[in-house]
Amino acid sequence: VRRLAAAAALALTLALPAAAAAADCPRTSLGDVEDEVMCQVCGTPLELATESPQANRERDLIRRLVAQCKSKDEVKATLVAQFGDGVLALPGDKSEGGSDLSDRLVYILPAAGFLLAAGGIGGAALRWRRRRGPSGAPLASPAGPAPDSERLDDDLRRYDL
Amino acid sequence: MKRFLSPASIAALVAVVGLLGLLAYGLSSSEPDRGIEGALAKGERKGAPKVHLPRLSGGRKASLADYRGKVVVLNFWASWCEPCRAESPLLQRWHGRLKRGGGTVLGVDVLDVSSDAREFVRKFGLTYPMLRDGAGDTLASFGVGAYPETFVIDRRGRIAATRRGPVDERFLRQRVQPLLRERS
């Protein structure tokens, strides 16, 4: 029993620093990095490039760095050192911290498009409501009978034998 | 007509035209530049674009201009590229021949992990000078769209031939050998 207790104590002594080290390790994962970097040959984010040999090499490098306990930022920094800023998939995610006009446009253009579409739909809905009136029935023209029906009445009168 | 000229319609039209413009720009910019082939078809030799890159082995940068006066077989490759493996022994053999005739093979490793590239060089026993373009900055100026691609540069720094794909003995014999007889 005493031997067993000693062995357990020894195992615990050995396991504790390893567990502490694992807790300190800012390890990321391939999946966590894959969607934020590009396969430059394919022109798509790495996670979508499933069959490209360049993408597979990039994945191998990320796996090696993850195994070395590198954080996500460290992995991305290494990828930038290898492939340049173009490897970063997120707009404005440049190593120098700056973002250029094209990066800003990535955010501005969809927002502007959304506002434009929302405005157009809202405007069309308002116009439709005004035309239908509050009861939902089409409004009669305040200026009297519609010009088409006037013309129809005239024609009927003219051909009335 | 009035209905068509409402602000919302004009804005929508501008948005559609803008999107079509962006699409056209995207399509045109993704096409590799084939101006070099155009010049060669007319019998002209265009000056080679500037290449100033770090060496794969480290140390100071090197330029294509450093090789002016030599016939240069400029080969864009990557360690992950399967056809690049097939042509490497041939390029190494030709480097020996070129060296004797006043020329060189100059490799440019592109979009590659540097340690993988160095391992490739060691494995295939490549002794010709190697530059490294990890970000692929030089690709657009040469219109490189696939790997490997090779550009034969005469002694005056002009592009005399291209091969979009792996080189073979016949190409090197027909396109490179005659250039060795030309004077700078």
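Here the structure is a predicted model, which is why all the values come from computation and not from measurement. In what follows, every chain begins at residue 1, and chains take the letters A, B, ... in the order their sequences are listed.
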Engineer: Rounded at 0.5 Å granularity, tell me how far OH in B/Tyr147 sits from CG in B/Leu139.
Structural biologist: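 Atom-to-atom, B/Tyr147:OH and B/Leu139:CG are 4.5 Å apart.
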Engineer: Is any NZ, NE, NH1 or NH2 atom of the basic residue among B/Glu182 and B/Arg45 found under 4.0 Å from an Asp or Glu carboxylate oxygen of the other?
Structural biologist: yes
Engineer: Check this for me: does any side-chain nitrogen of one of A/Arg151 and A/Asp148 sit under 4.0 Å from a carboxylate oxygen of the other?
Structural biologist: yes
Engineer: Taking only heavy atoms into account, what residues of residues 37-45 of chain A are found under 4.5 Å from chain B?
Structural biologist: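 Answer by number: A/Gln40, A/Val41.
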Engineer: If you take all heavy atoms of B/Ser79 and B/Arg85, which pair is closest and at what distance?
Structural biologist: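 Taking every non-hydrogen atom into account, O-NH2, 3.4 Å.
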Engineer: Rounded to the nearest 0.5 Å, how far does NZ of A/Lys70 lie from CD1 of A/Ile62?
Structural biologist: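 Reported to 0.5 Å precision, the distance equals 14.0 Å.
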Engineer: Not counting sequence neighbours, list each pair that qualifies as a salt bridge (charged side-chain N to carboxylate O under 4.0 Å, His left out) and has a residue in residues 67-80 of chain B.
Structural biologist: none
